[in-house]
Amino acid sequence: MVEIELDGKKVEVPPGSMVMHAAEKAGTYIPHFCYHKKLSIAANCRMCLVDVEKAPKPMPACATPVTMGMIVRTKSDKAIKAQQSVMEFLLINHPLDCPICDQGGECQLQDLAVGYGGGASRYEEEKRVVFHKDVGPLISMEEMSRCIHCTRCVRFGQEIAGVMELGMSHRGEHAEIETFVGNTVDSELSGNMIDICPVGALTSKPFRYSARTWELSRRKSVSPHDSTGANLIVQVKNHKVMRVVPLENDAVNECWIADRDRFSYEAVNSEERLTAPMLKQGGEWKTVDWQTALEYVANGLKQVKADHGVDAIGLLASPHSTVEELTLAAALVRGLGSQNIDTRLRHANFTNTAPLGAARWLGRSVASLSSLQRVLVVGSHLRKDHPLFAQRIRQAARQGCQINVLGTATQDWAMPVKNTVLADSSLWVVALAGIAAAVAQETGATAPVVVEVTDTARAVAKSLLGGEQKAVLLGTAAAHHEKAASLLSLANWIAQQTGATVGYLTEAANTVGAQLVGATPGQGGFNAGQMLGGSLKAALLLNTEPAYDSAAGTAGLKAADMVVTLSPFKCNMDVSDVLLPIAPFTETSGSFVNAEGRVQSFHAVVRPLGDTRPAWKVLRVLGNLLGLAGFDADSSQAVLANALPGVAAGTVVDASRLSNASSAAVDLTPAHLQPCVAAIYQLDGLVRRATSLQLTNDARASSAQIEGVSA
C-alpha cells in the first residue's frame, strides 16, 4: 500500500492508484467531469486540478499516480483558483439555456458552476453553435452546443458497450462529438450515455420536455425483462411513470441498465392497456365488473371440471410473472386437482428439468462473470439476449479472457471471440460432442461419445484447459433446444474435465423463480407444448401471448370451451372469452429470482390504472370463489414467505435448490425443430409495446426476419 497525505489526513491506497482514488477512499470530493469510476481515465476536462507539494503547477487528480509520502491539497488557494479558471474556460461557449434544458436540476456543470463559476464572464465574443444530430429514437443530440467534450460517451461505447458509435471530429473550437457518415446509435446499452453525460448534450428522446427532475418521485424497482434482475429507479409524476434510470448495485447490474430496461416503461402508458374486465358475448366484447368476470371464470372452471375432468384445465404463464403470481397460479391449478401448469412456452424439450424443488441457474454469481478467464457460450446471441451479462464478459475479455462460441452463425458480439464453432442448430449436439472429444484427447479421458474432432473443436478444448476461472454457459437457444438434455450432459462433462462451472443464461426475469415455486407440470400433467397443442378445455393465460411467446401459437387454444387471459394489455382477443386486467410491474408488488438465484422484491410505484388489479390478488380472489384452501394471504410478502420460506429479499437462494446436474444420455440424432428464441425487443409484452424501442434498428431487423424478409 502507498500512504499519502490528503488535506492533512493519512490515506493508504494500492500502488498504481490515482489521487482521485485516494480522495474517494478518504471521502473527499474533488470536482470533475470527465472522470467516471467505470471508465478509463481521459484527463481532458482538467476540473479536478489539485495542489501537489513540489509540483510546479496544479495536477489533475484523476491522472496523477500516488507516490509514497505525497502531500496533496484539494482546497488550497492554488487548487481552488485552478478549478475556477477551468470552470471559466468551460463556460466560454456553454449556452445559457438552463431554464429549458432537460438536464436542469441534475446537471454536474450547473452544480459545480455555483461553487466554482464567476458572477460574470470576461468573454464577449459570440458563443459557438453546434448543429443537432439525429442518432435514432432513444437519444436526443438536439443541443450539442452544450457538450464540454468530456468524452464519457465515447469511452462508454468503446469500453462498456464495445462499439465506438460516437467519436470526436475536427480540432480546437471546431471539435464536436458525433456519429460518422450519418449513422444512428444502435447499441443495446446506449441509454447509459444519457446518464453519464455531465451536461444536457445527450438526453432521453422519449422523456424530452416531459417533466423537471425536481417534480419526480423516485422509487426503487427491478427489471421484469431478462434474467439479470437489473435494479431500477422508476421516476413518477402524478401517478404516471415518466422515466426509468439505473439503481447502482455492483453485485447485479453495476450502474448500467439495458435499453429495454430503460425505455419499456412507455408500454405501461400505452393505449393498448386493458383497464376493465371484459367478456365476449355473442362475438362482441363487453366491459363488466370484477365480480361478474370472476364468477364467470369460476363457474366456467367448475363446469369444465364436471364435464371433462381436471385434466382438461390448465394454466400457461409467462416466466416474467412474479414469484407471488406463479405461486398462487400453481396453487389454483393444483387446488382444482390438475397438474397442468407451465411457463416454458418456447421450449421444444420438456425433459430437461431440475430435481423437484430445484432450478436450473447461472452456475455462478453474476459479478463473477467479469473475472472469467475462459468461457464457452453455447446457443446464445449473448449481446442481444443478455446485454448486461455480455457487458460483464466484455470486461473479462478486456482483461484477457478467451471467449469460445458454439452457434449457428457468426455474430457481432462487440468483443473479441477466440474460437467459433459453426453448426446448424439441428447438429449442435454433434458439434458440442466434438469439443468434448477434443478435451478427451487433450486430457487422456474417455470421451462421452465418439465423434470426429475438427481443428476448431481442438482449439476450443485447448482454450478451456487454460486459465483458472472458467464457465460453460448455455444460452436461451440451448435451453429451448429439442436436444436440451443432451447439450446439458455434454456441457457438464466438458466442465468436469476442464474445471469450469456450468450455467444457463436463463431467458426471463423469473425463469429460476418459476422452477423454484413449482410452476411446471406435476406427475402426469401436460407441458406447455401439449397444452398449446389442443389438450385443454379451459385455459388460463397469465401475462402471456402464445402468438408471440411460443412456436405453437394459439391454434390449439381455439378448441377450448373457455380461455381466460390475465394481462395488462388487450391481447389474445381472437381466442379468449374473458380478459382480466392485471397490473404490470410498476403497479404491483412482487419478487423476481434472477439467474444467480438472487431474490429481489419490489413495490408498486404508481397506483393501478383504471380497474386494473395486481395478479396475485386476482388469483387469490378466484381461489376463494372456487373454495380452495391456501388463498388467505393479505400481502405479496406473505405469499413470498410461504413460497420461499427462509429466503429474505436481496439474498441468494440456498445452493441446494440450484442444480444444473444431468444424467441424460447423449442423443446424436439431428434435431427436427429450430429453437424458438425471442428477438431483443420481442421478449415480452412490455417491450413489444414500447414505441421507441420498436423504432430501433434492432426491432426493425427482427420484424423483417419474422416476416421472412432479408433484414
Side-chain angles (χ1 to χ4, degrees), residues 348-355 360-364 372-380 382 393 401-410 417-505 659-675:
N349 179 292
F350 299 94
T351 63
N352 181 33
T353 57
R360 302 296 193 208
W361 68 302
L362 185 60
R364 56 171 53 241
L372 286 173
Q373 296 174 340
R374 300 289 188 274
V375 62
L376 169 60
V377 181
V378 180
S380 174
L382 186 64
I393 294 176
C401 175
Q402 294 183 6
I403 299 165
N404 304 281
V405 178
L406 168 56
T408 304
T410 301
V417 175
K418 180 76 171 177
N419 301 293
T420 302
V421 178
L422 295 179
D424 187 87
S425 61
S426 63
L427 300 175
W428 279 356
V429 176
V430 175
L432 191 58
I435 296 173
V439 170
Q441 288 182 0
E442 296 291 328
T443 61
T446 302
V449 289
V450 178
V451 295
E452 181 181 353
V453 177
T454 65
D455 290 342
T456 309
R458 194 171 286 109
V460 173
K462 289 180 179 178
S463 173
L464 290 175
L465 287 166
E468 295 180 359
Q469 294 293 320
K470 295 175 272 194
V472 179
L473 300 174
L474 298 165
T476 303
H480 297 176
H481 200 275
E482 186 181 339
K483 305 287 184 180
S486 294
L487 291 172
L488 179 58
S489 291
L490 287 168
N492 275 314
W493 189 91
I494 292 169
Q496 185 179 16
Q497 297 298 317
T498 60
T501 59
V502 174
Y504 275 102
L505 299 163
S659 172
N660 293 322
S662 174
S663 58
V666 176
D667 180 4
L668 295 176
T669 58
H672 297 95
L673 302 173
Q674 292 288 323

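Counting begins at 1 with the first residue of the sequence. Owing to the predicted nature of the structure, the values given are computational and were not obtained by experimental measurement.
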Strictly distance-based, threshold 3.5 Å: is any side-chain N or O of [X] a donor or acceptor partner for the main-chain N or O of [Y]?
{"X": "Trp428", "Y": "Ala423", "value": "yes"}
{"X": "Ser380", "Y": "Thr476", "value": "no"}
{"X": "Glu482", "Y": "His672", "value": "yes"}

What I'd like to find out is whether the side chain of [X] reaches to under 4.5 Å of the side chain of [Y], using heavy atoms alone.
{"X": "Leu362", "Y": "Tyr504", "value": "no"}
{"X": "Leu488", "Y": "Val502", "value": "yes"}
{"X": "Pro448", "Y": "Leu490", "value": "yes"}
{"X": "Gln402", "Y": "Gln373", "value": "no"}
{"X": "Leu487", "Y": "His481", "value": "yes"}
{"X": "Gln469", "Y": "Arg374", "value": "no"}
{"X": "Asn404", "Y": "Val377", "value": "no"}
{"X": "Leu382", "Y": "Ile393", "value": "yes"}

Less than 3.5 Å apart, any donor N or O on the side chain of [X] or [Y] sitting next to an acceptor on the other?
{"X": "Asn492", "Y": "Ser662", "result": "no"}
{"X": "Thr408", "Y": "Ser425", "result": "no"}
{"X": "Lys483", "Y": "Thr669", "result": "yes"}
{"X": "Arg360", "Y": "Asn352", "result": "yes"}

(message) Apply side chain to side chain contact (heavy atoms under 4.5 Å, CB included) to residues Leu465 and Thr443 and explain how you reach the verdict.
(response) CA-CA 9 Å; Leu465 287 166; Thr443 61; 3.7 Å; yes
Quick one: closest heavy-atom pair of [X] and [Y], and the distance?
{"X": "Ala471", "Y": "Leu372", "result": "CB-CD2, 3.8 Å"}
{"X": "Val666", "Y": "Ser489", "result": "CG2-CB, 4.3 Å"}
{"X": "Cys401", "Y": "Val375", "result": "SG-CG1, 4.0 Å"}
{"X": "Trp493", "Y": "Ala440", "result": "CH2-CB, 3.7 Å"}
{"X": "Ala409", "Y": "Leu422", "result": "C-CD2, 3.6 Å"}

(request) Please round to the nearest 0.5 Å and tell me the distance separating atom OG of Ser426 and atom CG of Leu673. (result)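 Spacing of OG (Ser426) from CG (Leu673) equals 10.5 Å.
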(request) Measure the spacing between OG1 of Thr498 and NZ of Lys470 and express it to the nearest 0.5 Å. (result)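 If we round to the nearest 0.5 Å, Thr498:OG1 and Lys470:NZ are 5.5 Å apart.
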(message) Test side-chain hydrogen bond (donor to acceptor under 3.5 Å, both in side chains) on Thr456 and Asn419; report intermediate values, then the result.
(response) CA-CA 7 Å; Thr456 309; Asn419 301 293; over 6 Å; no
(request) Step by step, work out the side chain to side chain contact (heavy atoms under 4.5 Å, CB included) result for Ile403 and Val405. (result) CA-CA 7 Å; Ile403 299 165; Val405 178; 4.2 Å; yes
(request) Would you please test Val378 and Leu473 for side chain to side chain contact (heavy atoms under 4.5 Å, CB included) and show each step? (result) CA-CA 6 Å; Val378 180; Leu473 300 174; over 6 Å; no
(message) Out of the candidates Val421, Leu376, Val460, only one should pair with Leu432 under the side chain to side chain contact (heavy atoms under 4.5 Å, CB included) rule; please name it.
(response)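 Going through the options one by one, the only one that passes is Leu376.
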